[in-house]
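Quick note on labels: first sequence line is chain A, next is B, and so on, each numbered from 1. Scope of the values below: all heavy atoms of this structure, side chains included, with no hydrogens, waters or symmetry mates.
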Amino acid sequence: MRLSQMLFVTLREDPAEAEIPSHKLLLRAGYMRRIGSGVYAYLPLLWRVLQKISQIVREEMNAAGAQECLLNQLQPSELWKESGRWETYTQAEGIMFALTDRQGRELGLGPTHEEVITAVARDMIRSYRQLPLNLYQIQTKFRDEIRPRFGLMRGREFIMKDAYSFDVDEAGMKRSYGKMHDAYHNILRRCGLAFRAVDADSGAIGGSGSQEFMVLAEAGEDEVLYTEDGQYAANVEKAVSRPAEAVPSSFKTYEKRETPNTPTIASLAKFLDCSPTQILKNVLYQVTYNSGMELLVLVSIRGDQDVNEVKLQNELTKLAGDYKATAVIGLKVPDAEAQQQWATQPLPLGYIAPDLPDSYIQPSKTLVAQFLRLVDQTAVELKNFVTGSNESGFHVVGANWGSQYPLPRLALDLRKASVGDRALHDPSQLLQSARGIEIGHIFQLGNKYSKALNATYTNEQGEEVPLMMGCYGVGVSRLAQAAVEQSYDKDGIIWPVAIAPYQVIVVAPNAADQDQMAAAEQIYNALNQAGVEALLDDREERAGVKFKDAELVGIPYRIVTGRSLQQGKVEVVTRATKASQEIQLDQVVATIRQWIDAELAQ
RNA sequence: CGGGAUGUAGCGCAGUAGGUAGCGUGCCUGCUUUGGGAGCAGGAUGUCGCAGGUUCGAUUCCUGUCAUCCCGACCA
C-alpha cells in the first residue's frame with residue numbers, strides 16, 4: 001500500500017478523550033475514531049490488525065477441532081426468558097441493549113450467545129454420536145456498559161470470538177475445556193503477548209471452573225495474584241491464600257472497656273495496644289435480591305482482613321432461594337441514608353458486635369427481619385478476641401465464640417487474598433501482585449443452559465441427558481489494544497510482527513530525489529512479490545515527518561533508501577530496538593523475509 | 001445510578017465587563033528547503049452542543065436539555 005493513497009491521518013497531540021497510552025496512540029496514529037460513547041470506527045490500519053488477530057484465533061480454534069459459524073445478533077427475548085437471564089440482563093445488570101420492534105416483539109442485541117447456541121444445539125443435536133462439538137464465531141458484540149472506558153478496552157460494541165462446546169459428560173467437557181485452554185495459550189503466544197492464565201470468578205455467566213487470560217500491563221483493570229514458582233495464579237476476586245498467623249491474644253478475661261474514638265481497626269488496635277489479628281471486625285452489608293427482598297448481612301472477619309465482595313456475592317447468590325429469588329442485583333455497605341430506611345435506632349457504627357440485635361431492623365414487607373450472620377474462616381479460630389459491644393465508645397476484650405457469642409451457622413471463605421499472603425500449596429511461596437487486562441475467559445458451564453433450554457441428547461443407554469457445555473471468549477478488539485498497552489515507547493506503537501498492520505515500511509527520505517524514489521519503488525515491489533506486507537511512504541513529506549509517522553504507527557521494520565544508496569545499500573531499522581544496519585540492495589528483501597519468518601515462527 | 005468536570009475551526013486550547021471570535025497545530029496555493037514533525041508569503045474553515053428566556057442586541061447572563069470525559073459498583 002502506498003501511503004500517498006491511503007486514508008492516513010496522524011495527530012500531533014494526544015486527543016483529550018484518551019487517558020491511557022494505548023488509547024492515545026491508536027487515536028493519534030490514525031487507527032480508529034470515536035463515533036459515540038464506547039463506539040469506535042475501525043479504520044483501515046486497525047482493521048488489518050483485527051483481521052490478523054482473528055486469523056490467528058481462527059487457525060488455533062480450527063486446529064483444536066472447533067467449527068466456525070456466524071450467529072444472529074438480534075435475539076428474541078423468549079430465548080433469554082427461557083434461560084432466566086432476560087430480567088437480569090436488561091434490568092439488574094442492564095448490560096443488554098433491548099428493543100421492541102414494530103410488531104411489539106422484544107429483542108436484545110447479542111451481548112453473548114449461550115441462549116442462541118443452546119437453541120441450535122437443542123434443535124440439531126440428537127445423539128451422543130454427534131458429540132463432542134465445538135462451535136465458534138468471530139463477531140461484534142453489544143453490551144450497554146455502564147461506563148465505557150479506555151477506547152477498545154471497554155466498548156459498548158466490540159469484536160469477540162466466542163466458542164461453545166458440547167459434550168456427553170463432565171469428563172468430556174473438561175477435555176474440551178482443556179483444548180481451549182491450550183488453544184488460548186497458543187493464540188496469545190502467537191500474538192506476541194506476555195500473559196498469564198489465572199483462576200477466575202465465573203460471574204454472571206455461571207458455571208464451575210473458569211480461567212481468565214490476562215495480558216500483563218500496568219493499565220490493566222484487574223489485579224492478579226500469583227506465586228513465583230508458577231504453581232498458582234488467580235484473579236484477586238477469586239484468589240485464596242493463607243492469611244498471616246494471628247498473634248495470640250493478650251486478653252485473658254472477658255470484660256467491657258471504654259474505648260473512645262476508636263471506630264476503625266487501626267485506631268482500636270493502637271488504643272488497646274494489640275494486633276489487628278486479635279480483633280473481630282463486623283461489617284454490615286445490604287443485599288437486594290431480584291425477588292425484591294432486601295437482606296441485611298453481618299459479616300464477622302478478622303480485623304486485619306478485608307471482605308472480598310465478589311466471594312460474598314457468590315455466597316449470597318447460593319442463598320437466593322431462601323428469599324424466593326434467583327439472583328443478587330445489589331450489594332452495598334449501607335450509607336447513612338440507606339440505614340435510615342430500616343434502622344429503628346442509630347447503629348453503633350464502629351462498635352458493632354456479632355450479636356447486633358435484630359431489633360435494629362424496622363419490620364417491613366420487603367426487608368428480612370433478621371440479620372444474616374456470616375463468619376469468615378479467619379474469625380472462627382479466634383480466641384479471647386476484641387470486638388464491639390453494640391454501644392458507641394465501648395468494646396469488649398477476651399471474648400470467645402460459644403461463650404459470649406454463638407458462632408454463626410455459616411462459616412465461609414469471604415476474605416480477600418492480598419499481596420504477601422502465603423500460598424495454600426506451599427506456605428514458603430508468597431503471593432505477588434500484577435495488573436492485567438482480561439482478554440480471554442474460559443468457562444466450564446456444565447448443564448446450566450442446556451437444562452434451562454431443555455437441550456438434550458440421547459446417550460448410549462437411550463436416555464435423554466442435558467448437554468454438558470463450556471464457553472470460551474476472546475476479546476479480539478480488546479486484544480489489539482492490549483498489545484499496544486504492552487508494547488510502546490515515547491515515539492509510538494511497537495507492534496509484534498504477527499499482528500502488525502504491515503510488516504515493513506519503505507521510506508524514501510527525499511521524495512524529490514529520483515534515485516531514492518526509484519530504489520524505494522523497486523524494493524516495495526520486490527517485497528510484495530516475496531509476500532511481505534509492505535507500506536511505501538511515497539508522500540511528498542520531509543524525512544522527519546516520515547520517520548515520526550513510521551514510528552508512531554509502529555511498523556516493525558523500516559527500510560530507508562537514503563544516503564547509503566551511494567554504496568548500493570539501504571538502511572534497515574528495527575522499530576522495537578531502533579537498531580539500524582546497512583544491507584546490500586539486492587539482499588534486503590531476502591533478509592527481511594528471513595527476519596519476519598523467524599518472528600512468526602515463535 | 002451517585003460524585004466531579006467539560007462542550008468554541010479537523011485536533012489541542014484561549015476569549016468575549018453582552019456589540020456575531022482568536023492562538024497553536026493541521027488543511028489549501030506558491031517559492032525555498034530536503035535524514036528527525038522545516039522557512040517565508042498568501043488563503044480557506046465555525047449554527048461558539050441544542051432549546052427557551054432576559055435584552056435594541058446573547059457565544060457571553062438565566063432556565064432547561066442533550067452529549068462527552070473523569071472517580072466508584074459490572075465485563076471479552
ask   = Which residues in residues 548-555 of chain A have at least one heavy atom lying under 4.0 Å from any atom of RNA chain B?
value =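 Nucleic-acid contacts, sorted: A:Lys548, A:Asp549, A:Glu551, A:Leu552.
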remark   = Note: contacts of residues 559-569 of chain A with RNA chain B (heavy atom, under 4.0 Å) are A:Val560, A:Gly562, A:Arg563
With a distance cut-off below 6.0 Å to the six-membered ring centre and an angular limit of 45° from the axis, does [X] pair with [Y] as a cation-pi contact?
X	Y	value
A:Arg143	A:Phe97	no
A:Arg85	A:Tyr89	yes
A:Arg156	A:Phe142	no

Measure [atom1]/[X] against [atom2]/[N] and give the value in whole Å, please.
X	N	atom1	atom2	value
A:Asp14	B:G10	CG	P	20 Å
A:Phe97	B:C74	CZ	P	19 Å
A:Met96	B:C75	CE	P	14 Å
A:Met153	B:C69	CE	P	16 Å
A:Glu309	B:C74	CD	P	8 Å
A:Glu17	B:A67	CD	P	17 Å
A:Gln313	B:C74	CD	P	7 Å
A:Phe150	B:C71	CZ	C1'	10 Å

Whole-angstrom distance between [N] and [M], as gauged at atom [atom1]:
N	M	atom1	value
B:C56	B:G15	C1'	24 Å
B:G7	B:U65	C1'	13 Å
B:A58	B:G42	P	35 Å
B:C66	B:G52	C1'	14 Å
B:U68	B:C31	P	46 Å
B:U54	B:G12	P	36 Å
B:C71	B:A44	C1'	42 Å
B:G46	B:A14	C1'	15 Å

query = Has A:Phe547 got its ring stacked on the base of B:G35, with centres under 5.5 Å and planes less than 30° apart?
reply =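 A stacking contact does not exist, since A:Phe547 is not both close and nearly parallel to the base ring of B:G35.
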ask   = Reading RNA chain B 5' to 3', how would its secondary structure be written in dot-bracket notation, given Watson-Crick and G-U pairs with both distances under 3.5 Å, brackets [ ] for crossing pairs and | for partners on other strands?
value = (((((((..((((.....[..)))).((((((.....)))))).....(((((..]....))))))))))))....
Would you say the side chains of [X] and [Y] form a donor-acceptor pair under 3.5 Å?
X	Y	answer
A:Trp342	A:Glu294	no
A:Asn134	A:Tyr136	no
A:Asn186	A:Glu60	yes

Rounded distance [0.5 Å steps], [atom1] in [X] versus [atom2] in [Y]:
X	Y	atom1	atom2	answer
A:Lys490	A:Glu551	NZ	CD	7.5 Å
A:Leu374	A:Tyr285	CG	OH	11.0 Å
A:Leu479	A:Met153	CG	CE	9.5 Å

Name the nucleic acid region contacted by [X], choosing base, sugar-phosphate or nothing; use a 4.0 angstrom heavy-atom cut-off, strictly under.
X	answer
A:Glu19	sugar-phosphate
A:Gly492	nothing
A:Arg558	base
A:Thr10	base

task = Measure centre to centre between the rings of A:Trp80 and A:Tyr449, then say whether the value is under 6.0 Å.
result =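 Between A:Tyr449 and A:Trp80, which both carry aromatic rings, the centre distance is not below 6.0 Å.
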key: All pairs passing side chain to side chain donor-acceptor pair (under 3.5 Å) where residues 471-482 of chain A contributes a residue, at least two apart   =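 Listed by first then second residue: A:Ser22-A:Gln481, A:Ser165-A:Tyr472.
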Pairs meeting criterion side chain to side chain donor-acceptor pair (under 3.5 Å) with involvement of residues 565-574 of chain A, two or more places apart =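 The answer is A:Glu571-A:Ser580.
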Is there a donor N/O on one and an acceptor N/O on the other, under 3.5 Å, for the side chain of [X] and the base of [N]?
X	N	answer
A:Arg147	B:C75	no
A:Arg542	B:U33	yes
A:Arg143	B:C75	no
A:Arg478	B:C75	yes

Tabulated below should be each protein N or O lying under 3.5 Å from an N or O of nucleotides 44-47 of chain B; please produce it.
none

message = For B:G72 and A:Arg149 - does any side-chain N or O of the residue sit under 4.0 Å from the phosphate oxygens OP1/OP2?
response =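 For A:Arg149, the contact criterion (side-chain N or O under 4.0 Å from OP1 or OP2 of B:G72) is met.
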inquiry  = For a quick test of reading the model: is some side-chain N or O of A:Ser37 closer than 4.0 Å to OP1 or OP2 of B:C69?
reply    = yes
ask   = Just by modelled atom types, is the A:Ser4 backbone N or O under 3.5 Å from a matching donor or acceptor in the A:Asp538 side chain?
value = yes
task = With RNA chain B as reference, determine whether A:Val476 or A:Gly36 sits nearer its 5' end, using the nearest nucleotide of each.
result = A:Gly36
ask   = For A:Phe213 and A:Arg28, take the nucleotide of RNA chain B holding the closest heavy atom to each; which residue's nucleotide lies nearer the 5' end?
value =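 Its nearest nucleotide being more 5', the pick is A:Arg28.
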inquiry  = Test of understanding: with ring pair (Phe, Tyr, Trp, His ring centres under 6.0 Å), list the residues that count as partners of A:Tyr177, not counting sequence neighbours.
reply    = none
message = Quick one, A:Gln75 and A:Leu107 - any side-chain contact, counting heavy atoms below 4.5 Å?
response = no
ask   = Among B:G12, B:C75, B:A76, which nucleotide sits nearest the side chain of A:Asp222?
value = B:C75
query = By salt bridge (charged side-chain N to carboxylate O under 4.0 Å, His left out), which residues pair with A:Arg58, not counting sequence neighbours?
reply =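 Scan of A:Arg58 (salt bridge (charged side-chain N to carboxylate O under 4.0 Å, His left out), adjacent residues dropped) gives A:Glu68.
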task = Apply salt bridge (charged side-chain N to carboxylate O under 4.0 Å, His left out) to A:Glu17 and list each qualifying residue two or more places apart in sequence or on a separate chain.
result =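 If we apply the salt bridge (charged side-chain N to carboxylate O under 4.0 Å, His left out) test to A:Glu17, skipping adjacent residues, the hits are A:Arg34.
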query = Can B:U45 be described as syn, meaning its chi torsion is within 90° of 0, or is it anti?
reply =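 Chi for B:U45 falls in the anti range.
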key: side chain to side chain donor-acceptor pair (under 3.5 Å) against A:Asp491, all qualifying residues, sequence neighbours excluded   =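 So A:Asp491 forms a side chain to side chain donor-acceptor pair (under 3.5 Å) with A:Lys578.
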query = Can you name the side chain to side chain donor-acceptor pair (under 3.5 Å) partners of A:His23, sequence neighbours left out?
reply =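 Residues passing side chain to side chain donor-acceptor pair (under 3.5 Å) with A:His23: A:Tyr40.
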Pairs under 3.5 Å (N/O, protein and nucleotides 24-32 of chain B):
residue, atom, partner, partner atom, Å
B:G24, N2, A:Glu13, OE1, 3.1
B:U25, O3', A:Arg12, NH1, 2.9
B:G26, OP1, A:Arg12, NH1, 2.6

